[in-house]
2 protein chains.
Amino acid sequence: MDNINIKKMAKELNISTSTISRAFNGSPDINKDTKEKILAFAREHNFLPNHYASNLRDKKSHTLAVIVPEIANDFFSQAINGIEEVARKKGFYILLYRTDDIFEKEVSFVNYLNNGKADGIIMSVSGEASDHNYLKKLSQKNVPVVFFDRVYEDIEAAKVTTNDYDSSFAATEHLIETGCQKIAYLVVNKSISIGKVRMQGYIDALQKHHIPFDDNLVIDCSNDEKVNYNILSKVLTEIKPDGIFSSVERLAFATYYVCNDLGIDIPGTLKVISFSSLGIAPLLCPALSTITQPAYEMGIKAATLLFEELEKKGQVHHKKEHVLKSKLYIRKSSGG
Amino acid sequence: MDNINIKKMAKELNISTSTISRAFNGSPDINKDTKEKILAFAREHNFLPNHYASNLRDKKSHTLAVIVPEIANDFFSQAINGIEEVARKKGFYILLYRTDDIFEKEVSFVNYLNNGKADGIIMSVSGEASDHNYLKKLSQKNVPVVFFDRVYEDIEAAKVTTNDYDSSFAATEHLIETGCQKIAYLVVNKSISIGKVRMQGYIDALQKHHIPFDDNLVIDCSNDEKVNYNILSKVLTEIKPDGIFSSVERLAFATYYVCNDLGIDIPGTLKVISFSSLGIAPLLCPALSTITQPAYEMGIKAATLLFEELEKKGQVHHKKEHVLKSKLYIRKSSGG
DNA sequence: TTGTACGCGTTATCAA
DNA sequence: TTGATAACGCGTACAA
C-alpha cells in the first residue's frame, strides 16, 4: 500500500517489471499503448522509480558535488548559480558543501564523496598546502574534479581561474597613478595560491614604478570581522597607508567601517580598490572601485568542463587551465 | 581491482561480509581487533561503503533538499548557511535547488524528490497560489517539509517566518513620523502571502495615522532589473512619493540607482526603508534603513524542526508556526 | 563474536 | 514487443 514499486505494479498490471522499467526510461522497445497504460497507473498511484536502486544499478548518481569555502558571499553564490544553471540543463542535481576554509572539513567531505555519492566535483579549495592525497583518490574512482578560482597547483584537473595577476597589477598601478605611494595589500591567507598570485601583481607593479616593496604593508587578516577591524584600525592609525588594495571584498568593507569610525576620508586620505563581486559597489559611500571576477561565467565554465569529462569518459583528455578575465571598475573610492 | 567492495574485502581477509559491514556501522557485536584489521585494510585500499546500496537497504538518504527562489541573495544565502550548519552536525548533506520563482520548477523538483532522494525538504516557496497537490504527495511518502519565510498557508507543515506584519507596520509608521505623507510600497509579487502580509502592515499604519491608502502607491515590480529601473523612474518623476517602503531588498537598490541618476536626494526629498539582509547596509550612500530578518537563525530553526520530525516519526506531532523577530535599523536613508 | 542467506528496487541481458 | 533472471553493494535476521 504505502510503498509502491515496480514489482507491485507489475503484478497489478499483469506486466513484467522489465516492461515497466522500459516505460520510464524512454526505451524504444515498448508498445505505445502499454507505455501509456503504465504511466497512467503510475501517476495515479504516485509512483516514481527509486533513485537509489537506479543509481546502484548503473553507478550514476546524476549529482554534482559543489564545495566552496563560503556560501553567503557574492562571488560564490553567483558561481553556484552558474553551476546550477548548467547542471539543471543536464538533469543533474547539486550537493552543496561549505568548508568554512577549514581544511579538515574539505578532506572529510571529499572522502565522503569517494564512493558514488556524486558523479563529479566542482570545488574552490580551502587552500591548505599540505597533503592532497585525498583528492588523488578520486581519480582512482573516476570521479572527475574541476577547480575554480582557488585551485591546487599540484593536482591535475581542469581549472577555471581569472587573470588575477594582471588585474592586481592593473589595480595597483591605478592606485600609483592616482598618487598613492604607500599602498597596503590586504590578504586573508598569504599561503593560498590565489593570495600569492594577487600579491605578485601588486609587487611587480610597485617595482615597475620604483616603489620599494615593504613587507609591513602586507596585512595578513583573518576570517573574523572583529579581529580584522582591530588589525585595520591599527594599520590605518599607525602605518598610515595612502592606498589599500584588498584581495578580498570583506576586507574592503572592514576598511570602510574603520574609516567611518576614525573619520578617515576615502578617497581623500586613503584610496581603496578591492577584488569584489558585489553588485551594488556603486552604491557604497563612496562607490567602491573593484576588480570584478565573472563569477557566474566561471560557474558555467566549470560545470561545462565537468560535463565534458563526464561524457568523454575513456578518451584521453588533457586537463586544462581556463582563464577568464576580470574587469576593473574605477569608482570614487580610488579617486575615479 | 578497480572496484573494491564488501565481498572482495571479505575474500581477501577471510572474513564474512557481515562482519565487515559491522566494522563500518559502529556495531558493538564485533571484536576490536577484527574491526581494526578491517578498517586498516579498507583505508589502504581506499574503500568506503557505497551510499546507494546502503540507502537502498535502509531507505534513508541522509540528505536534505533545500529549495529556494534564489541563491545569490543575502537573505537566502544566510539561511542556507544556517540550514547547512545544523545538517552537518547531524551528518546530513544538502541538495540545493533554485526555482527562480518559477512555479513549474518548484513542482518538477518536488516531484523528483518524491522517491527517496531526500529524507526531508526545507523550502521557501515560489508563491503561486494554484494547486499544491504535489506537496501533499510528499506526506504520503513520509517526506516531511518545513517552510521558511515564504509559505503556503494551505499546506500543513512546520513553518518558520518572521513578524512581517509588525515590522511593516513599524517601518511605515517610522516613515510617517519622520514626515512622509506619500509613501510608496514596493513589492515584487502582490499575490505571494508574504507580499500581502507586509502590505497589510503598511496599510494599517497609514490608517492609524489617517493617511488614505492609495492603490497607485503600491508599485508592482518584476524580477528584471531594467524593468524595475524603468518602473521606478516613472514613479519617482510622476507620482513623486516622499517615502519608499520596499518589501524586497533589490527594489531598494533599484531606487538608489534611480535616485542617483535623477539627482533625487535621499533622505532629503525621498526617505527609504527596506526589508533587507544586507550586511553592509550601513556602508551605502546613504546608509540604508532596514528591516533585517534573522536569516541565519531562520535556517537553523527550520533545519532543527525538520530533524525533530525526522526523529519523532510515528508520534503524533502538531505542526507549528514559528515566528522569529526581525529587527528595525533606522539609518540615514530614512532620516535617522 | 562471527557467518549464511536473503532482499532492498531497479535495469541489462538474453531468450522468446 | 515482452518476460525471466541475474546482478548492483550492502545490512540484518537468524543461526552457529
Side-chain angles (χ1 to χ4, degrees), chain A residues 1-39 41-42 45-63 112-119 141-143, chain B residues 1-39 41-42 45-62 112-119 141-142:
Chain A
M1 218 48 164
D2 253 11
N3 307 319
I4 181 134
N5 61 27
I6 246 182
K7 272 185 196 164
K8 288 182 191 167
M9 281 185 64
K11 255 184 200 161
E12 294 284 334
L13 291 169
N14 269 323
I15 289 182
S16 80
T17 58
S18 2
T19 303
I20 296 187
S21 178
R22 281 191 268 263
F24 284 97
N25 295 316
S27 162
D29 299 342
I30 187 172
N31 181 295
K32 220 180 171 185
D33 295 343
T34 333
K35 181 167 177 175
E36 268 174 30
K37 192 167 65 181
I38 294 171
L39 293 182
F41 186 92
H45 292 260
N46 193 15
F47 168 82
L48 276 180
N50 178 300
H51 278 276
Y52 291 105
S54 310
N55 292 341
L56 180 57
R57 275 278 334 188
D58 46 68
K59 302 186 171 182
K60 290 271 165 288
S61 64
H62 293 270
T63 300
Y112 168 79
L113 292 172
N114 209 341
N115 47 13
K117 181 79 185 180
D119 294 342
K141 303 245 179 168
N142 287 320
V143 179
Chain B
M1 225 35 173
D2 253 12
N3 307 320
I4 181 133
N5 61 28
I6 245 182
K7 270 187 199 164
K8 288 181 191 167
M9 282 185 64
K11 255 186 201 160
E12 293 285 333
L13 291 169
N14 269 325
I15 290 181
S16 79
T17 58
S18 18
T19 304
I20 296 187
S21 178
R22 282 190 268 262
F24 284 97
N25 296 316
S27 162
D29 299 343
I30 186 171
N31 181 295
K32 220 182 170 183
D33 294 344
T34 332
K35 182 168 177 175
E36 267 174 30
K37 192 166 65 181
I38 294 172
L39 294 182
F41 186 92
H45 292 260
N46 193 14
F47 168 82
L48 276 179
N50 177 298
H51 277 276
Y52 292 104
S54 311
N55 292 341
L56 181 58
R57 276 279 336 193
D58 48 67
K59 301 187 172 181
K60 291 270 166 289
S61 65
H62 293 272
Y112 167 80
L113 291 172
N114 209 341
N115 48 12
K117 180 79 184 180
D119 294 342
K141 303 247 178 165
N142 287 322

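Side chains included, hydrogens not; waters and symmetry mates left out as well; all remaining heavy atoms used. Letters go in sequence order (proteins before strands), and every chain restarts at 1.
Considering only residues two or more places apart in sequence or on other chains, A:Asn50 meets the side chain to side chain donor-acceptor pair (under 3.5 Å) condition with none of them. Remark: B:Asn46 engages A:Asn114, A:Lys137, A:Gln140, A:Lys141 in a side-chain contact (heavy atoms from CB on, under 4.5 Å) (not counting sequence neighbours). Listed by chain and number, the residues in a side-chain contact (heavy atoms from CB on, under 4.5 Å) with A:Ile15 are A:Leu13, A:Thr19, A:Ile20, A:Thr34, A:Lys37, A:Ile38 (sequence neighbours excluded). Among residues two or more places apart in sequence or in another chain, the side-chain contact (heavy atoms from CB on, under 4.5 Å) test is passed with A:Arg57 by none. Under the rule for a side chain to side chain donor-acceptor pair (under 3.5 Å), A:Asp58 has no partner lying at least two apart in sequence or in another chain. For the side-chain contact (heavy atoms from CB on, under 4.5 Å) test, residues two or more places apart in sequence or in another chain that qualify with A:Lys7 are A:Asn5, A:Thr17. Among residues two or more places apart in sequence or in another chain, the side chain to side chain donor-acceptor pair (under 3.5 Å) test is passed with A:Ser54 by none. Residues meeting the ring-ring contact (aromatic ring centres under 6.0 Å, His included) test with A:Tyr112, sequence neighbours left out: A:Phe109, B:His51, B:Tyr93.
Judged by distance alone, with hydrogens and angles left aside, the side-chain atoms of B:Asn115 form a donor-acceptor pair with the main-chain N or O of A:Pro49 at under 3.5 Å.
Rounded to whole Å, atom C1' of C:dG3 lies 15 Å from atom CG of B:Asn31.
Taking NZ of A:Lys11 as the reference point, atom CD1 of A:Ile6 lies at 14.0 Å (rounded to 0.5 Å).
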Take nucleotides 5-13 of chain C nucleotide by nucleotide from the 5' end and write B, S or -, depending on whether a protein heavy atom sits under 4.0 Å from the base, only from the sugar-phosphate, or from neither. --BBBBBB-

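A nucleotide of DNA chain D counts as in contact with chain B when one of its atoms lies under 4.0 Å from a heavy atom; the first and last such, 5' to 3', are D:dG9 to D:dT12.
Inter-axis angle, ends of the helix from C:dT1-D:dA16 to C:dA16-D:dT1, five pairs per end, rounded to 10 degrees: 30°.
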